[in-house]
Amino acid sequence: MTDNHASKASILVIDDETGMREGCRRVLVPLGYAVDTAADLSTGQELARSGDYDLFLLDVMLPDSNGLDLIDSILKNDPYAVCIVMTGYGSIQMAVDAVRRGAYDFLSKPFTSDELLMAVGQGLERRHLKAVEAQAQRLAQAKADLERLDEVKSQLMLKVAHELRAPVAAVQSYINLILA
């Protein structure tokens, strides 16, 4: 990942463990990431609604709910957002459930700073690629619309030329007749 992506990335960490929140912040902030934290789901929801985050690090077991419950609302608000689920109680079924709900990745606690950085870097790269793909689709649609408009213009010009040709030919015939 380039430094340019890191300097513009905003991350929200939602975890009930102070050590986990601050550990993520200590790893990510020196690399240029803007990091906000929340200790519970309700605070996380409030921050997610009010902020413009690129990536979310979500703990599954929160004091007031399940972190997976936030994924749907995050993705409705920003379809390019990347959610990475973190838990100390990981199972294959939980990972499958997280991915089904729209999570990009799953980190089992405890994880190393390198594992965190790799997941965040890959997640932000995915966000960037999704945005580029969407832009490419919009450009392709705009190109198709322009081609369709060009065809309509060409058809209109042919009709106008055809409709004007007959009266002009008649006037030209009368003028030639008068001149003769």
Side-chain angles (χ1 to χ4, degrees), residues 1-138 140-141:
M1 189 177 85
T2 64
D3 290 336
N4 189 28
H5 287 117
S7 65
K8 295 181 181 178
S10 182
I11 299 171
L12 177 59
V13 180
I14 303 173
D15 196 304
D16 59 334
E17 298 175 43
T18 304
M20 185 58 64
R21 289 191 312 271
E22 292 309 310
C24 289
R25 183 194 307 267
R26 278 194 302 269
V27 169
L28 298 169
V29 168
L31 297 175
Y33 297 105
V35 178
D36 289 330
T37 63
D40 55 50
L41 189 71
S42 58
T43 306
Q45 285 174 321
E46 186 178 317
L47 284 170
R49 277 192 296 270
S50 65
D52 187 23
Y53 297 100
D54 301 302
L55 188 134
F56 296 81
L57 294 169
L58 305 169
D59 187 13
V60 174
M61 304 299 253
L62 295 169
D64 55 347
S65 188
N66 183 332
L68 298 179
D69 295 337
L70 189 55
I71 294 173
D72 191 44
S73 64
I74 288 170
L75 295 177
K76 279 182 185 174
N77 186 44
D78 179 3
Y80 306 124
V82 175
C83 297
I84 297 174
V85 173
M86 316 178 292
T87 187
Y89 306 101
S91 68
I92 291 178
Q93 184 56 42
M94 186 180 290
V96 168
D97 187 33
V99 170
R100 279 191 184 140
R101 290 181 182 214
Y104 168 70
D105 203 353
F106 188 87
L107 290 173
S108 292
K109 294 178 185 175
F111 48 83
T112 67
S113 58
D114 288 339
E115 290 170 326
L116 174 64
L117 290 174
M118 185 168 54
V120 167
Q122 289 174 347
L124 291 171
E125 192 61 34
R126 176 188 166 112
R127 177 183 172 83
H128 176 72
L129 290 174
K130 284 170 62 176
V132 167
E133 287 173 357
Q135 181 66 16
Q137 287 177 348
R138 285 191 296 272
Q141 183 61 46

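These values consider heavy atoms only, across backbone and side chains, with no hydrogens, waters or symmetry-generated copies.
Under the 4.5 Å side-chain criterion, counting only non-hydrogen atoms from C-beta, L117 is in contact with L28. Here the side chains of M86 and V13 are in contact, with some heavy-atom distance below 4.5 Å. In this structure, Y104 and R127 have side chains that are not in contact, with every pair of non-hydrogen atoms separated by 4.5 Å or more. A heavy-atom distance below 4.5 Å is not found between the side chains of V82 and L124. Put simply, the side chain of V96 does not reach to within 4.5 Å of the side chain of V99, judged on heavy atoms. Inter-residue side-chain proximity for L129 and E125 is flagged as met; some heavy-atom pair is nearer than 4.5 Å. I84 has its side chain within reach of L55: a pair of non-hydrogen atoms, C-beta onward, lies under 4.5 Å apart. The shortest distance between side-chain heavy atoms of L70 and L62 does not fall below 4.5 Å.
Remark: D64 CG to Q45 CD distance equals 7.5 Å, nearest 0.5 Å. Summarising the geometry, atom OG1 belonging to T87 is positioned 6.5 Å from atom CE belonging to M61; distances are rounded to the nearest 0.5 Å. Separation of atoms NE2 (H128) and OH (Y80) is listed at 12.5 Å; rounding is to 0.5 Å. The CE atom of M118 lies 8.0 Å from the CG atom of D114; values are rounded to the nearest 0.5 Å. Taking SG from C83 and CG from D72, the interatomic distance works out to 10.0 Å, rounded to the nearest 0.5 Å. For the atom pair CD1 of I14 and CG of D36, the computed distance is 10.5 Å after rounding to the nearest 0.5 Å.
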Determine, stepwise, if the pair D59 / R21 fulfils salt bridge (charged side-chain N to carboxylate O under 4.0 Å, His left out). CA-CA 10 Å; D59 187 13; R21 289 191 312 271; over 6 Å; no
Assess whether side chain to side chain contact (heavy atoms under 4.5 Å, CB included) is satisfied between D15 and T37, documenting all intermediate values. CA-CA 8 Å; D15 196 304; T37 63; over 6 Å; no
What do the steps show when you test Y53 against D78 for side-chain hydrogen bond (donor to acceptor under 3.5 Å, both in side chains), and what is the final call? CA-CA 9 Å; Y53 297 100; D78 179 3; over 6 Å; no
For a side chain to side chain contact (heavy atoms under 4.5 Å, CB included) check, start with the C-alpha distance between L58 and I74, then their side-chain angles and the critical distance, and finish with the verdict. CA-CA 11 Å; L58 305 169; I74 288 170; 4.3 Å; yes
Apply salt bridge (charged side-chain N to carboxylate O under 4.0 Å, His left out) to the pair E22 and R25, showing each step before the final yes or no. CA-CA 5 Å; E22 292 309 310; R25 183 194 307 267; 3.2 Å; yes
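Across every non-hydrogen atom of A98 and L68, the tightest pair is CB-CD2, 3.7 Å. Summarising the geometry of N77 relative to A48, their closest heavy-atom pair is ND2-O, 3.9 Å, with the distance given to 0.1 Å. Residues C24 and L57 approach most closely at SG-CD1, 4.2 Å, considering heavy atoms. Among all heavy-atom pairs drawn from L47 and A38, the shortest one is CD1-CB, 4.0 Å. Across every non-hydrogen atom of F56 and A81, the tightest pair is CE1-CB, 3.9 Å. Closest of all the heavy-atom pairs between A9 and Y33 is CB-CD2, 3.5 Å.
A donor-acceptor pair shorter than 3.5 Å cannot be found between the side chains of R138 and Q141. Using a 3.5 Å distance cut-off with no hydrogens or angles, the side chains of D40 and S42 do pair a donor with an acceptor.
The pair D105-R126 fails the salt-bridge criterion, with no side-chain N (NZ, NE, NH1 or NH2) lying under 4.0 Å from an Asp/Glu carboxylate O.
With a 6.0 Å radius and a threshold of 12 heavy atoms from other residues, nucleotides or ligands, E17 has its CD atom above the threshold.
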